[in-house]
Engineer: 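Mind looking over this structure? Questions follow.
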Amino acid sequence: MFADLISIIYPQTCLNCNETLISAENFICTKCKLDLPVTDDHENPENSLFQKFAFERRIKSASSYLYFNQGGIAQKLLHDLKYNGVSAIGNSMGEWYGEELAKAMMPDLIIPVPLHKSKYRKRGYNQSHHIALGLASAFPESEIRSDIILRKKRTTTQTSKGKLERWQNMDNVYSDVREDITDKTILVVDDVITTGATVGMFCDKLIEAGARSIHIACMARR
């Protein structure tokens, strides 16, 4: 009742259509949630995102929850998550997708792609960590670990770079893995994947450290 009273005084609106949300809705209304541009990647093992990593036999799957369309719902959600301080969007999106991913895997560890410490200080949180927290609700036996591999180099923005430049920009970005992950099945979590350079270099470190298998999940792909 208290929550309903607060919603009357301070109504929350859908980030996409600006309609007032009811108490059971988070960030977007039910209609807009039904209109989300879902990829169904998890139902197609050979999807186009997986093809970016298919050369590495220990990467067993790669899937995105949504397509990233300029000006679309996915972009609005992720923009507020990354740049407007609404970290809880990551938790909600992770929960939405976790229900689907749990049908296909059971990782030992869930590891979000880390931010450089300077970017973390500026933003105040790692958006991929909040996504991982949401995903973890579907994997009660999995452990979230954000501390076993660090981002040691701050790179320039990837947005305007071509594919080769993106991979070169990510060279030597991550630290070595800081503890034994031999024979672990790992779910790597990112927010948006374009060429796969960022998450690809990250997975290389996990593979070098002895991970048995890796699954990749992101909230949107371009």
Engineer: Kindly indicate, with the supporting measurements, whether the criterion salt bridge (Lys or Arg N to Asp or Glu O under 4.0 Å) is fulfilled by R178 and D147.
Structural biologist: CA-CA 8 Å; R178 303 166 72 187; D147 58 341; over 6 Å; no
Engineer: Sub-3.5 Å donor-acceptor pair from the side chain of N47 to the main-chain atoms of F50, do we have one?
Structural biologist: yes
Engineer: Rounded to the nearest 0.5 Å, how far apart are CD1 of I28 and CG of N16?
Structural biologist: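 The CG atom of N16 is 7.5 Å from CD1 of I28, to the nearest 0.5 Å.
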Engineer: To the closest 0.5 Å, what do you measure between CD1 (I193) and CG (L49)?
Structural biologist: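 Going from the CD1 atom of I193 to the CG atom of L49 covers 5.0 Å.
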Engineer: Does either side chain, that of T13 or that of T20, offer a donor lying less than 3.5 Å from an acceptor on the other one?
Structural biologist: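 Their side chains do not contain a donor-acceptor pair, so the 3.5 Å distance test is not met.
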Engineer: Please check if the number of heavy atoms outside E19 that lie under 6.0 Å from its CD is greater than 12.
Structural biologist: no
Engineer: Got a donor-acceptor contact below 3.5 angstrom from the S142 side chain to the P107 backbone?
Structural biologist: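 Yes: the side chain of S142 pairs with the backbone of P107.
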Engineer: Are Y174 and P114 side-chain neighbours, meaning at least one heavy-atom pair lies under 4.5 Å?
Structural biologist: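 Contact flag for Y174/P114 side chains = yes.
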Engineer: If you draw a 6.0 Å radius around CD in E99, do more than 12 non-hydrogen atoms from other residues or ligands fall strictly inside?
Structural biologist: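 No - once you tally the heavy atoms of other residues, nucleotides and ligands closer than 6.0 Å, there are 12 at most.
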Engineer: Mind running side-chain contact (heavy atoms from CB on, under 4.5 Å) on V177 and E208 for me, showing each step along the way?
Structural biologist: CA-CA 9 Å; V177 176; E208 289 171 7; over 6 Å; no
Engineer: In the single-linkage hydrophobic clustering (I, L, V, M, F, W, Y; side-chain heavy atoms under 4.5 Å), do V113 and F139 co-cluster?
Structural biologist: no
Engineer: Report whether L81 and V188 are members of the same hydrophobic cluster (ILVMFWY, side-chain heavy atoms less than 4.5 Å apart, transitive linking).
Structural biologist: no
Engineer: When rounded to the nearest 0.5 angstrom, what is the spacing between OG1 in T30 and CD in E25?
Structural biologist: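 The OG1 atom of T30 sits 3.5 Å away from the CD atom of E25.
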Engineer: Do T194 and R222 have side-chain N/O donor and acceptor atoms under 3.5 Å apart?
Structural biologist: yes
Engineer: Test K119 against every option in R123, R121, K117, K122 by the side chain to side chain contact (heavy atoms under 4.5 Å, CB included) rule and name the one that passes.
Structural biologist: R123
Engineer: Does the distance from a Lys or Arg side-chain N to an Asp or Glu carboxylate O, for K76 and D80, drop under 4.0 Å?
Structural biologist: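 No, no charged N to carboxylate O under 4.0 Å.
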Engineer: Only one of V189, N91, I89 clears side chain to side chain contact (heavy atoms under 4.5 Å, CB included) with I131; which?
Structural biologist: V189
Engineer: Give, for atom CG of D176 and atom NZ of K152, the distance between the pair rounded to the nearest 0.5 Å.
Structural biologist: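 The NZ atom of K152 is 6.5 Å from CG of D176, to the nearest 0.5 Å.
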Engineer: Taking all heavy atoms of M219 and all of Y65, pick out the closest pair and write down the distance.
Structural biologist: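 Smallest heavy-atom distance, with atoms named: O-CB, 3.6 Å.
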Engineer: Look at the side chain of K60 and the backbone N and O of R57, then say whether any donor-acceptor pair between them is shorter than 3.5 Å.
Structural biologist: yes
Engineer: Quick check against the 3.5 Å criterion: does N44 have a side-chain atom that pairs as donor or acceptor with the backbone of E46?
Structural biologist: yes
Engineer: Will you find, in the side chains of R151 and S175, an N or O donor that is under 3.5 Å from an N or O acceptor?
Structural biologist: no
Engineer: If you define the side chain from C-beta out and look only at heavy atoms, does anything of S92 sit under 4.5 Å from N26?
Structural biologist: yes
Engineer: Give a yes or no on whether V199 and L101 share a hydrophobic cluster (residues Ile, Leu, Val, Met, Phe, Trp, Tyr; joining criterion: side-chain heavy atoms under 4.5 Å apart).
Structural biologist: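 As far as the 4.5 Å side-chain criterion goes, L101 and V199 are not connected within one cluster.
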Engineer: Minimum heavy-atom separation for S63 to D41, with atom names?
Structural biologist: CB-CB, 3.5 Å
Engineer: Hey, what do you get for CD1 (I216) to CD1 (I111), rounding to the nearest 0.5 Å?
Structural biologist: 12.0 Å
Engineer: Has Y97 got a side-chain atom pairing as donor or acceptor with A217's backbone, closer than 3.5 angstrom?
Structural biologist: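 It does not hold such a pair.
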Engineer: Quick one: closest heavy-atom pair of C32 and C14, and the distance?
Structural biologist: SG-SG, 3.7 Å
Engineer: Given the rule that I, L, V, M, F, W and Y join up when any side-chain heavy atoms are under 4.5 Å apart, are M93 and L135 in one cluster?
Structural biologist: yes
Engineer: Does some side-chain heavy atom of N69 sit less than 4.5 Å from a side-chain heavy atom of Q75?
Structural biologist: no
Engineer: For E179 and R145: C-alpha separation, side-chain torsions, deciding distance, then whether salt bridge (Lys or Arg N to Asp or Glu O under 4.0 Å) applies.
Structural biologist: CA-CA 11 Å; E179 68 177 58; R145 294 298 303 272; 2.8 Å; yes
Engineer: Within the side chain of D108, is there an N or O that forms a donor-acceptor pair under 3.5 Å with the backbone of T185?
Structural biologist: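 Checking the backbone N and O of T185 against the side chain of D108, a donor-acceptor pair under 3.5 Å is found.
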Engineer: Return the CD1 to CZ distance between I186 and R58, rounded to the nearest 0.5 Å.
Structural biologist: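 If we round to the nearest 0.5 Å, I186:CD1 and R58:CZ are 10.0 Å apart.
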Engineer: Do L36 and L78 sit in the same hydrophobic cluster, where Ile, Leu, Val, Met, Phe, Trp and Tyr count as joined when their side-chain heavy atoms come under 4.5 Å apart?
Structural biologist: yes
Engineer: Can you see which heavy atom on L21 is nearest to which on C29, and at what distance?
Structural biologist: CD2-N, 3.4 Å
Engineer: Tell me the closest heavy-atom pair linking S61 and H215, and the distance in Å.
Structural biologist: OG-ND1, 2.6 Å
Engineer: Considering only heavy atoms from C-beta outward, does the side chain of L115 approach that of Q127 to under 4.5 Å?
Structural biologist: yes
Engineer: Could you pull out the closest heavy-atom pair between A132 and I144, with the gap in Å?
Structural biologist: O-CD1, 3.6 Å
Engineer: Please check if the side chain of E56 supplies one atom and the backbone of F53 the other of a donor-acceptor pair under 3.5 Å.
Structural biologist: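 Flag not set: sc E56 to bb F53 has no pair under 3.5 Å.
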Engineer: Go through the steps to decide whether M201 and D204 satisfy the test side-chain contact (heavy atoms from CB on, under 4.5 Å), and finish with yes or no.
Structural biologist: CA-CA 5 Å; M201 294 294 186; D204 284 347; 4.1 Å; yes
